[in-house]
Amino acid sequence: MTDEKLDQILKQALAPEISDGEIQVRKRRKGKMKKFGKIGKAVAAAAAAVVVGILGLGYFNPVLAAKIPLIGKIFDKVEGDVIYSGDYTEKETVLTNEDHTGNLDTTEYSVSDKGITLTASEVYCDGYSIFLTVNIEAEDADFTHIPEHYTGLNTADNKTAAGFYINGTWNIDGNTPEQFENTFEGKVIDSHTFAGLLKMNLAEKASGSGKLNLNISGLGYDDDRMLNNEEISASHWTDGAWNIVLPFEVNETDVKTIEVGEKKGNITLDNVVISPYQVIVHTTTPGEQRELTEDRREKLLSKDPDMTDAEMFELLGWSYEPCQTILFNQDGEMLYSDMEMAGRAGFAVQGKEIKTLYIFIFDNLDDWVQMENEGMNSSAADKAVISREIHVQ
């Protein structure tokens, strides 16, 4: 996406609340956030909350927090506020528990370096993504100045979460490493404790059980006292090594795949996956017929470890363009669009009832933006390459 297009989307979504200067700050932060694809109204609103710093943090008294078991219960603490919100009760696997004194029943999933301790708490996998909760502790930190961002489609939803950056790689069962694309979303518990959720998207559908290997090389967070600086992204950053191997099992309860196979022009709507916390639209677009070999990928990553597949395709002169997808349910409610890449568009359910899905796929970003702003009855619907009604239940 060009800077001019990002400017246009941010101004449409936020005008007149955000200034051109604040948009420039957001653009500087975009690279470090490691988000890619389109930036929609909801994501832009989240960015504005971070940049403008309009939200105050509520956190627990550190003395009380030490007496309340947190690890093993992080989903319960953050599940109502993160982007991929919902009731994780009886869906997750608890990795680590603690008693009222703070003692862990296992230290296998806790690792420390550079004064920061990361403890894996719970994990859930629907076969397409892994949702992991963690507890981050740092004695010399002051997390109370981490700004919050909006995680709902509208600010009136009053859903916010704090964010924590992560750098490094992860893989399943020793397969090809993937760069972290998302950040931790969660809550500041006290000045030294952050509890959050990290979502990792699987390249291929998983089944059964497996091992999640985390090789974290850096952790950082923003500081609302530095919001007026030229560059605030990860103003508190620590390089180190936090390596953990975590077991997980795929829970296919309430996960449904609906095959479609509709092709229009150069786009094919392959299938739609509905899980308790996300909807995934799988498509085939030009450029996906060419695959990077592992040798070529490794050579490119040796030059730039943070290079995405899209950047690799661009460097090689190959076509790698995601289409632009938007979803509504039977009540005309738009689903939160987190990010879209070639072949996959992800949407957060956020507790919405999903009986019917209305899918609109565009090959023009301006048409997608118009429909996002105007809703399901927008005249832009006629410009969709594919528009499809899917009955879920």
Side-chain angles (χ1 to χ4, degrees), residues 1 5-18 37-49 83-86 150-159 256 258-275 277-283 285 321-341 344-393:
M1 180 186 298
K5 187 62 65 179
L6 179 62
D7 279 353
Q8 175 187 348
I9 296 174
L10 286 169
K11 287 176 180 177
Q12 285 180 334
L14 300 170
E17 289 83 8
I18 187 168
K38 60 185 179 294
I39 304 293
K41 178 168 30 178
V43 179
I83 288 176
Y84 284 88
S85 56
Y150 290 111
T151 58
L153 273 172
N154 305 292
T155 57
D157 295 338
N158 199 30
K159 292 181 53 167
K256 178 183 293 188
I258 299 175
E259 299 294 338
V260 181
E262 178 177 346
K263 182 175 182 179
K264 293 282 185 66
N266 290 323
I267 299 175
T268 301
L269 171 56
D270 297 314
N271 61 60
V272 180
V273 177
I274 302 95
S275 88
Y277 315 108
Q278 66 177 337
V279 175
I280 303 170
V281 177
H282 287 121
T283 57
T285 59
E321 288 295 328
C323 45
Q324 318 295 334
T325 308
I326 192 164
L327 257 63
F328 300 87
N329 70 358
Q330 68 285 341
D331 299 318
E333 297 175 301
M334 185 169 61
L335 272 62
Y336 188 115
S337 174
D338 188 15
M339 66 179 178
E340 183 162 356
M341 58 186 296
R344 173 177 177 145
F347 302 83
V349 173
Q350 299 192 325
K352 293 181 174 65
E353 188 175 31
I354 308 293
K355 293 182 178 179
T356 303
L357 286 172
Y358 295 91
I359 304 173
F360 299 88
I361 303 177
F362 298 92
D363 59 3
N364 183 290
L365 181 61
D366 291 332
D367 297 332
W368 179 92
V369 171
Q370 180 184 344
M371 190 165 203
E372 189 195 41
N373 288 331
E374 297 177 354
M376 193 170 73
N377 295 323
S378 171
S379 60
D382 295 333
K383 301 177 183 178
V385 177
I386 293 177
S387 58
R388 185 68 181 259
E389 177 180 340
I390 303 290
H391 295 286
V392 178
Q393 53 175 293

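Bear in mind that the values here come from a model prediction, so they are computed numbers and not experimental data. Just so you know, residue 1 is the first one in the sequence shown, and it goes up from there.
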Item checked: Y277 to Y84 - nearest heavy-atom pair and separation -> O-CD2, 3.1 Å
Note to self: With a 4.5 Å cut-off on side-chain heavy atoms, are M334 and L327 touching?
What the structure shows: no
Next item on the list: Kindly indicate, with the supporting measurements, whether the criterion side-chain contact (heavy atoms from CB on, under 4.5 Å) is fulfilled by C323 and E340.
Entry: CA-CA 8 Å; C323 45; E340 183 162 356; 3.8 Å; yes
Validation: residues 346-358 side-chain donor-acceptor distances under 3.5 Å, sequence neighbours left out:
from : atom 1 : to   : atom 2 : distance (Å)
Q350 : NE2    : I83  : O      : 3.0
Q350 : NE2    : T151 : O      : 2.8

Check: Between D367 and F362, what is the shortest heavy-atom contact and its length?
Finding: CB-CD2, 3.6 Å
Quiz: residues 380-391 side-chain donor-acceptor pairs under 3.5 angstrom, not counting sequence neighbours:
from : atom 1 : to   : atom 2 : distance (Å)
R388 : NH1    : E262 : OE1    : 2.7
E389 : OE2    : H391 : NE2    : 3.1

Check: Which atom pair, heavy atoms only, marks the closest approach of G261 to T268?
Finding: C-CG2, 4.4 Å
Next item on the list: Taking the side chain as every heavy atom from C-beta outward, state whether H282 and V272 have any pair of such atoms under 4.5 Å apart.
Entry: no
Item checked: Residue pairs passing the salt bridge (charged side-chain N to carboxylate O under 4.0 Å, His left out) test where at least one lies in residues 325-336, sequence neighbours excluded -> none
Checklist line | Heavy-atom check, side chain of Q324 versus side chain of D363, under 4.5 Å | finding: no
Next item on the list: Report yes if some heavy atom in the side chain of V279 is under 4.5 Å from a heavy atom in the side chain of V273; otherwise report no.
Entry: no
Item checked: Side-chain heavy-atom pair E372, S337 within 4.5 angstrom cut-off -> no
Next item on the list: Could you check if a side-chain atom of N158 sits within less than 4.5 angstrom of a side-chain atom of Y150, using non-hydrogen atoms only?
Entry: no
Notebook entry, point to check: Do you know which two heavy atoms are closest between L335 and L153, and how far apart they sit?
Noted result: C-CD1, 4.3 Å
Checklist line | Sub-4.5 Å side-chain heavy-atom contact between Q370 and S379 | finding: yes
Check: Could you go step by step and tell me if I361 and L269 meet the side-chain contact (heavy atoms from CB on, under 4.5 Å) rule?
Finding: CA-CA 9 Å; I361 303 177; L269 171 56; 4.1 Å; yes
Check: Is any side-chain heavy atom of I258 less than 4.5 Å from a side-chain heavy atom of N271?
Finding: no
